[in-house]
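Count residues from 1 along the sequence.
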Amino acid sequence: MFIGHLHKLTVVRTSAEQIWLDAGNEGEVALPARETGQASIGDVIEVFIHTNNLGQAVATTDKPIVQLGGCASLKVVEKGDNGTFLDWGLYKHLLLPYAEQRRPVDIGRYETVLVYLDNSNRLAASSRLDHHLPEEPENFHTWQKVSLLIYQRTDLGLKAIIDQRAIGLLYKDEIFQSVRVGETHTGYIKRIRDDGRIDLSLQLPSRSQHETLTERVVEWLEKNNGVGNLTDKSPPEAIYATLQVSKKNFKKALGSLYRERRVRLEADRVVLIESPLADSTENDQPDKH
């Protein structure tokens with residue numbers, strides 16, 4: 001589609017105020033001369049095509065934060081009769097109509113929106129993402145690596161936009177790091193449910209990751225003279241702050257190391273068995289004979 005995207009177009013006419021670009025079947029599109037400096041006929045210029053107040057296609061060399069069909073967290077900068085306006089990187093702000101707002105928004109706040117073409121062929125924004133994006137698989141597969149744009153907090157967790165084309169859910173009891181609405185994170189397709197909806201994860205559980213984690217735990221213990229103050233009873237937040245893993249995966253790693261007799265599990269600490277401190281601790285035990 002022509003409107004709402006970046007294009008490389010050729011200059012066909014110039015004047016003191018306007019430059020006209022060849023847009024093929026779309027005809028010619030005007031670009032303010034002040035944006036190009038010394039442009040000549042035949043020059044190729046990369047421009048973004050948006051719409052003016054009449055719904056006509058116009059060009060700009062400014063690059064928007066998001067293009068047609070894409071999603072982004074944008075700052076609310078103004079309120080008008082028909083909606084609020086968002087800063088998306090162009091001199092002409094993007095309209096978020098009141099009818100397309102999932103909640104009232106205030107100036108200075110950020111709102112996650114999708115850019116669409118309205119019935120008048122004008123670019124606009126919508127925060128009612130479930131009206132524009134499916135909550136069903138689109139050729140996704142389990143444990144596929146994806147980009148997640150966090151856009152809404154719910155009782156169950158956080159809703160996220162998957163690769164700019166679908167919606168999924170991160171469950172709150174499976175989030176072990178700081179995640180805020182408006183942020184983009186790498187994530188994974190954890191499960192495609194029977195109803196077609198998508199469950200997400202910020203971590204990839206795999207055998208190779210599990211083996212890597214056990215070695216990370218060993219390295220962490222070695223850096224602390226063979227003793228760690230985290231156990232399987234430690235709060236999930238403390239475990240994640242130290243090792244950036246969930247409590248569940250940490251416990252699995254400890255279990256593996258314990259079965260391999262590489263660590264000793266005590267009430268308030270974990271001791272690396274081959275460490276000097278572990279040997280001295282054992283030697284300090286009173287003789288039972």
Side-chain angles (χ1 to χ4, degrees), residues 1-101 105 107-108 110-129 131-133 138 146-147 149 151 161-166 182 184:
M1 188 174 289
F2 182 60
I3 295 174
H5 295 283
L6 291 167
H7 300 273
K8 290 183 178 180
L9 303 180
T10 302
V11 177
V12 292
R13 291 191 292 132
T14 66
S15 72
E17 296 182 353
Q18 298 278 358
I19 291 173
W20 286 269
L21 306 170
D22 180 9
N25 294 334
E26 303 292 337
E28 294 181 358
V29 60
L31 170 71
R34 66 178 181 276
E35 294 190 21
T36 63
Q38 299 295 323
S40 303
I41 294 175
D43 288 350
V44 176
I45 303 174
E46 184 175 48
V47 293
F48 178 74
I49 306 301
H50 60 116
T51 51
N52 60 20
N53 293 333
L54 300 176
Q56 299 169 331
V58 291
T60 177
T61 55
D62 292 336
K63 303 297 190 296
I65 295 172
V66 59
Q67 299 183 49
L68 178 65
C71 301
S73 179
L74 303 178
K75 187 177 182 179
V76 180
V77 293
E78 186 181 353
K79 287 191 176 183
D81 294 335
N82 298 319
T84 56
F85 291 89
L86 309 173
D87 179 5
W88 66 322
L90 303 187
Y91 64 88
K92 180 185 177 185
H93 295 143
L94 183 66
L95 175 67
L96 172 58
Y98 289 122
E100 288 292 333
Q101 297 180 14
V105 293
I107 294 176
Y110 283 79
E111 187 73 356
T112 301
V113 298
L114 176 142
V115 179
Y116 73 101
L117 277 178
D118 66 14
N119 294 331
S120 301
N121 207 40
R122 298 175 183 175
L123 291 166
S126 175
S127 59
R128 303 178 71 178
L129 301 178
H131 288 195
H132 297 269
L133 295 173
E138 287 198 351
V146 291
S147 174
L149 173 58
Y151 78 92
I161 302 165
I162 310 168
D163 283 350
Q164 299 279 303
R165 57 194 177 99
T184 299

If you define the side chain from C-beta out and look only at heavy atoms, does anything of Val115 sit under 4.5 Å from Gln67? no

Is a donor on one side and an acceptor on the other found under 3.5 Å between the side chain of Glu100 and the backbone of Ala125? no

dist Leu95:CG -> Thr51:OG1 (nearest 0.5 Å) comes out at 10.0 Å

What pair of heavy atoms forms the shortest contact from Ala33 to Ser15, and how long is it? CB-O, 4.1 Å

N/O donor-acceptor pair under 3.5 Å between Thr60 side chain and Leu31 backbone: no

Taking side chain as C-beta onward, heavy atoms only, is Ile3 less than 4.5 Å from Glu26? no

Once you round to the nearest 0.5 Å, how far does CD1 of Ile41 lie from CG of Asp22? 12.0 Å

Check for a donor-acceptor pair, side chain of Asp118 on one end and backbone N or O of Ser120 on the other, with a separation under 3.5 Å. yes

Show the nearest heavy-atom pair for residues His132 and Ser126, with the distance to one decimal. NE2-OG, 3.3 Å

Any side-chain to backbone donor/acceptor pair from Arg128 onto Ala99? Under 3.5 Å, distance only. yes

Value rounded to 0.5 Å, distance of SG in Cys71 from CG in Leu149: 6.5 Å

Count the heavy atoms of every other residue, nucleotide or ligand shown that sit under 6.0 Å from CZ of Arg13, and state whether that count exceeds 12. yes

How far does OG of Ser127 sit from OH of Tyr151, to the nearest 0.5 angstrom? 10.0 Å

Applying side-chain contact (heavy atoms from CB on, under 4.5 Å) to Val77 and Leu86, what does each step give before you reach the verdict? CA-CA 6 Å; Val77 293; Leu86 309 173; 5.9 Å; no

Could you measure the distance from the NE2 atom of His93 to the OG1 atom of Thr84? Nearest 0.5 Å is fine. 11.5 Å

Please work out which of the three classes, parallel, tilted or perpendicular, describes the rings of Phe48 and Trp88, given edges at 30° and 60°. perpendicular

Give a yes or no on whether Asn82 atom CG has more than 12 heavy-atom contacts from other residues, nucleotides or ligands under 6.0 Å away. no

Can you confirm whether Val11 sits close enough to Leu21 that some side-chain heavy atom of one is under 4.5 Å from a side-chain heavy atom of the other? yes

Taking the side chain as every heavy atom from C-beta outward, state whether Val58 and Ile49 have any pair of such atoms under 4.5 Å apart. no

Measure the spacing between OG1 of Thr61 and CD of Glu35 and express it to the nearest 0.5 Å. 4.0 Å

Decide yes or no for Tyr116 and His131: does some side-chain heavy atom of the first lie under 4.5 Å from some side-chain heavy atom of the second? no

